[in-house]
Amino acid sequence: MDFLLRPIGMDFNDKVFNIIKKIPKGETLSYKDVAEKAGNYRAWRAVGSILRKNYNPAIPCHRVIKSNGELGGYNRGTAQKSSLLKKEGAIS
DNA sequence: CGTATGACGTGCA
DNA sequence: GTGCACGCCATAC
């Protein structure tokens, strides 16, 4: 529960992190999908903003990709992201 | 409190 | 399929 250091309410932030943590190995979800599960599918913008500024080692945020199938971005580098996804079998 | 920005998504040419 | 512009929410300054 490292991410519990978030502001009061943790409505969106907490939900997003919780969802990402629940992503099974080898599976990937899009920012839009995560935002929708978080309660606001229109917040996929905020999802990226939050993850970008708050990278948690307990959060497999590398499993969150764009809806168009692109990996999107990653605080540690897209190369790392693609490598992890390949290792997990999430992508070819 | 207001403005600017961003790991995006969708629409249109 | 590619390129450009607009819109959305949350966060940071």
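Throughout, protein chains are lettered first and strands after them, A, B, ... in sequence-line order, and every chain is numbered starting at 1. Heavy atoms only: backbone and side chains are in, while hydrogens, waters and symmetry mates are out.
For the pair A/D33 CG and B/dT10 C1', the computed distance is 16 Å after rounding to whole Å. When the P atom of C/dC8 is taken as reference, atom OH of A/Y41 falls 10 Å away, rounded to whole Å. Per the geometry, CG belonging to A/N13 stands 19 Å off P belonging to B/dG6, to the nearest Å. Per the geometry, CG belonging to A/N54 stands 9 Å off C1' belonging to C/dT11, to the nearest Å. As rounded to whole Å, 16 Å separates atom P of B/dG9 from atom CG of A/N40.
With rounding to the nearest 0.5 angstrom, the CD1 atom of A/I20 is 9.0 Å from the CD1 atom of A/I50. Between the CG atom in A/N13 and the CG atom in A/N18 there is a gap of 11.0 Å [rounded to 0.5 Å]. Rounded to the nearest 0.5 angstrom, A/F12 CZ and A/N40 CG are separated by 6.0 Å.
For A/W44, whose side chain is taken as the heavy atoms from C-beta onward, the closest listed nucleotide among B/dT10, C/dC8, C/dA10 is C/dC8. Each of C/dC8, B/dG9, B/dG6 was ranked by its minimum atom distance to the side chain of A/N68; first place goes to B/dG9. For A/K53, the listed nucleotide lying nearest its side chain is C/dA12; candidates were B/dA7, B/dG9, C/dA12. Side-chain proximity of A/Y74 to B/dT10, B/dA7, C/dA10: nearest is B/dA7. Side-chain proximity of A/A43 to B/dA7, B/dG9, C/dA10: nearest is C/dA10.
For the pair A/R63 and A/L85, the tightest heavy-atom approach, listed with the atom from each and the gap, is CA-CD2, 4.0 Å. Closest approach of A/Y74 and A/L84 over heavy atoms only: OH-CD1, 4.2 Å. Closest of all the heavy-atom pairs between A/N75 and A/R52 is ND2-O, 2.9 Å.
A heavy atom lying under 4.0 Å from DNA chain C marks none of the residues of residues 80-92 of chain A.
Between A/K32 and C/dC8 there is no side-chain N or O to OP1 or OP2 distance below 4.0 Å. For the OP1/OP2 pair of B/dA7 and a distance below 4.0 Å, the side-chain nitrogens and oxygens of A/R52 include at least one atom meeting the criterion.
A donor-acceptor contact under 3.5 Å links the side chain of A/Y31 to the base of B/dA7.
Under the 3.5 Å distance criterion, the side-chain polar atoms of A/K32 are left unmatched by any main-chain donor or acceptor of A/S67.
Map A/S30 and A/A46 each onto its nearest nucleotide of DNA chain B; the residue landing nearer the 5' end is A/A46.
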